Amino acid sequence: MLQVDCYGGVWARHAAQTGYVVVLTQADIADALDAAAAVGDDRIQAETQGQVNPETWTHGSSAERQHWFQVGYSTGRPPACDTFHAQL
């Protein structure tokens, strides 16, 4: 899922640059990052189970999801989205 978040950032950057969507404001980016954080495994587990167990995560933490969206948006480059070999 982290790679998908990164690709979403790449898409958002290119969509704004090509005029497909209006240029994103900092508030728009903050909203996207908040949306990514809302569906982080850590937040979902804390709200539904009352505890967080990283060993069972399938989508990444809120912070990781926000980080990878920002990587995609700031670079605009799909190769930057190699979440499998990145140093975390």
Side-chain angles (χ1 to χ4, degrees):
M1 188 56 76
L2 299 177
Q3 194 170 48
V4 170
D5 292 328
C6 188
Y7 287 148
V10 171
W11 180 90
R13 179 182 177 116
H14 287 278
Q17 287 176 337
T18 61
Y20 187 71
V21 299
V22 296
V23 174
L24 301 178
T25 65
Q26 287 299 332
D28 294 328
I29 295 168
D31 286 345
L33 294 174
D34 286 344
V39 291
D41 286 330
D42 55 337
R43 181 177 283 179
I44 292 170
Q45 284 182 348
E47 290 178 7
T48 61
Q49 300 171 10
Q51 62 185 10
V52 176
N53 181 2
E55 296 297 319
T56 62
W57 290 357
T58 57
H59 295 90
S61 71
S62 297
E64 290 168 336
R65 297 197 70 186
Q66 289 178 315
H67 168 79
W68 284 104
F69 179 89
Q70 189 63 45
V71 167
Y73 187 77
S74 64
T75 66
R77 298 181 51 249
C81 297
D82 183 1
T83 59
F84 297 98
H85 297 101
Q87 296 292 323
L88 300 177

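All of these numbers come straight from a predicted model, not from anything done at the bench.
For residues 69-82, every residue pair satisfying the side-chain hydrogen bond (donor to acceptor under 3.5 Å, both in side chains) rule, not counting sequence neighbours, is listed here: D82-H85. Pairs engaging residues 4-21 under the salt bridge (charged side-chain N to carboxylate O under 4.0 Å, His left out) rule: D5-R65 [sequence neighbours left out].
For A80 against V71, the heavy-atom pair with the smallest separation is O-CG1, 3.7 Å. The minimum heavy-atom distance between G72 and C81, with the atom names listed, is CA-SG, 4.4 Å.
Counting side-chain heavy-atom gaps under 4.5 Å among Ile, Leu, Val, Met, Phe, Trp and Tyr, V10 is found in no cluster with other residues. Through side-chain heavy atoms spaced under 4.5 Å, either directly or across other Ile, Leu, Val, Met, Phe, Trp or Tyr residues, Y20 is tied to W11, V21. Residue Y7 shares its hydrophobic cluster (ILVMFWY side chains chained together at separations under 4.5 Å) with no other residue.
Rounding to the nearest 0.5 Å gives a distance of 6.5 Å between CG of D34 and CD of Q66. Distance check, rounded to the nearest 0.5 Å: CH2 of W68 to CE of M1 gives 15.0 Å.
Atom CD of Q49 has more than 12 heavy atoms from other residues, nucleotides or ligands within 6.0 Å.
T25 meets the side-chain hydrogen bond (donor to acceptor under 3.5 Å, both in side chains) test with D28; sequence neighbours excluded.
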